[in-house]
2 protein chains.
Amino acid sequence: MRLTTKGRYAVTAMLDLTIHCDDKPVSLAEISQRQSISLSYLEQLFSKLRQSELVTSVRGPGGGYHLGRASENIFIAEIIDAVNESVDTTNCQGKGDCQGGEICLTHSLWDQLSHEIHNFLNAISLADLVARRDVKSIAQRQVEQLLILNESPQAGAC
Amino acid sequence: MRLTTKGRYAVTAMLDLTIHCDDKPVSLAEISQRQSISLSYLEQLFSKLRQSELVTSVRGPGGGYHLGRASENIFIAEIIDAVNESVDTTNCQGKGDCQGGEICLTHSLWDQLSHEIHNFLNAISLADLVARRDVKSIAQRQVEQLLILNESPQAGAC
DNA sequence: ACTTACTTGACTAAAATAGTCGGGTATTGG
DNA sequence: CCAATACCCGACTATTTTAGTCAAGTAAGT
């Protein structure tokens, strides 16, 4: 099982994308500022997200990214899969050749756990996360902090 | 979340210990052979398992390890904890200071997942695993393979 | 044109993993 | 007693992965 900052960053960035505007594309620079993730690293992650068609890109000035489909239909497990982090906890990637070609003693345990985690993450969509109270208030705080920092009196709402 | 070979080896070794004899202590050399885990590495793992009182040791010839308590009362989550692998999936170890002292957008998601995984692994005891059909047959195979390899006609049963 | 912002690929520092190695020390069977 | 067994312990190391950086593009809007 690999579930590290890479997968967490990807989910966080996708959630940020979901929250901020459905009309204009969101640039990576914005996400980078709001979520404190390095721009170069985001580029790497979004390259994979685009290949998996979880986002679509708009190039040129005013460009950025859109969600590939409705937020109700994008599930957390997909995002983590897209950035190459497997949620699999077995040693043999589920193949069952863990001990010199044979199955190992604890294979079925890890196989079961993998399914458990996958089911959990595949039952939660981006829309579900946006609806959460804590997510709403944190997103609000992040926008306010940026307004103060930038001192640019932009229209706060999308 | 860290769930790698270290944790898997620890659980596998503990399960092997549970399966093979409750009377005589089981030596690491035996476990090493049956489970294809390097002896030196097992020593490292058992040092931690002993500190957590999940096993007790008997030194000298004929020595080895016993389970620290009944297999019904040793849960998988404890074993993984003992070898220093945290099942926590948050970036801040649950503290909530993920984004420059503040909570990050996806904190509650990872927090919830961590609890989910912990609950799953904490509901399964070594005794539960031993009772599984697949574990029984794999253990049987492992013993038979060793008997052939060693060609030493030891009493197969404990 | 010029700028913005996506696109790609190569490169790298730091950390963690998965071990090895070499010395111990306790115990016991002969 | 003494040699063999097997636990005990700490230092060391190769490999892999993570978490990025950097540079050189390409496409598109103003």
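Since we're looking at a predicted model, the values are computed, not measured. Chain letters run A, B, ... following the sequence lines, proteins first, then strands; residues in each count from 1.
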Pairs under 3.5 Å (N/O, protein and nucleotides 9-14 of chain C):
none

Contacts of type side chain to side chain contact (heavy atoms under 4.5 Å, CB included), residue [X], not counting sequence neighbours:
{"X": "Gln140(A)", "value": "Glu144(A)"}
{"X": "His115(A)", "value": "Asp111(A)"}
{"X": "Ala70(B)", "value": "Glu72(B), Asn73(B)"}
{"X": "Ser27(B)", "value": "Ala29(B), Glu30(B)"}

[X] [atom1] to [N] [atom2], straight-line distance once rounded to whole Å:
{"X": "Leu49(A)", "N": "dT8(C)", "atom1": "CG", "atom2": "P", "value": "13 Å"}
{"X": "Lys24(B)", "N": "dT5(D)", "atom1": "NZ", "atom2": "P", "value": "17 Å"}
{"X": "Lys48(A)", "N": "dG20(D)", "atom1": "NZ", "atom2": "C1'", "value": "12 Å"}
{"X": "Ile37(B)", "N": "dT20(C)", "atom1": "CD1", "atom2": "C1'", "value": "16 Å"}
{"X": "Arg8(B)", "N": "dA18(C)", "atom1": "CZ", "atom2": "P", "value": "7 Å"}
{"X": "Leu28(B)", "N": "dG19(C)", "atom1": "CG", "atom2": "P", "value": "15 Å"}
{"X": "Leu45(A)", "N": "dT8(C)", "atom1": "CG", "atom2": "P", "value": "14 Å"}
{"X": "Ile80(A)", "N": "dT18(D)", "atom1": "CD1", "atom2": "P", "value": "13 Å"}

Contacts of type side chain to side chain donor-acceptor pair (under 3.5 Å), residue [X], not counting sequence neighbours:
{"X": "Thr106(A)", "result": "Trp110(A), Thr12(B)"}
{"X": "Gln35(B)", "result": "Asp16(B), Gln142(B)"}
{"X": "Ser47(A)", "result": "Gln51(A)"}

Are OP1 or OP2 of [N] and a side-chain N or O of [X] less than 4.0 angstrom apart?
{"X": "Arg50(B)", "N": "dC9(D)", "result": "yes"}
{"X": "Ser57(A)", "N": "dT7(C)", "result": "yes"}
{"X": "Thr4(A)", "N": "dA19(D)", "result": "yes"}
{"X": "Ser38(B)", "N": "dT20(C)", "result": "yes"}
{"X": "Tyr65(A)", "N": "dT7(C)", "result": "yes"}

Using a cutoff of under 3.5 Å, can you pull out all pairs of nitrogen or oxygen atoms linking the protein to nucleotides 26-30 of chain D, with atom names and distances?
residue: dT26(D); atom: O2; partner: Arg59(A); partner atom: NH2; Å: 2.7
residue: dA27(D); atom: O4'; partner: Arg59(A); partner atom: NE; Å: 3.4

* Structure fact -> In short, side-chain hydrogen bond (donor to acceptor under 3.5 Å, both in side chains) pairs touching residues 119-137 of chain B with sequence neighbours left out are Ser108(A)-Arg132(B), Ser108(A)-Asp134(B), Gln112(A)-Arg132(B), Ser125(B)-Asp128(B)
* Heavy atoms, side chains only, cut-off 4.5 Å: are Met14(A) and Leu67(A) in contact? -> yes
* Restricting to pairs with a member in residues 43-82 of chain B, which pass ring pair (Phe, Tyr, Trp, His ring centres under 6.0 Å), not counting sequence neighbours? -> Phe46(B)-Tyr65(B)
So which protein N/O to nucleotides 14-16 of chain D N/O distances come out below 3.5 Å?
none

* Asked: According to a 4.5 Å side-chain heavy-atom criterion applied to Ile, Leu, Val, Met, Phe, Trp and Tyr, with indirect links allowed, do Leu39(A) and Val11(A) form part of one hydrophobic cluster?
  -> yes
* To do: Determine whether Val55(B) and Val58(B) fall in the same hydrophobic cluster, where Ile, Leu, Val, Met, Phe, Trp and Tyr are linked whenever their side-chain heavy atoms lie under 4.5 Å apart.
  => no
* Asked: Which part of the nucleic acid, if any, lies within reach of Tyr9(B) when heavy atoms closer than 4.0 Å are counted: base, sugar-phosphate only, or nothing?
  -> sugar-phosphate
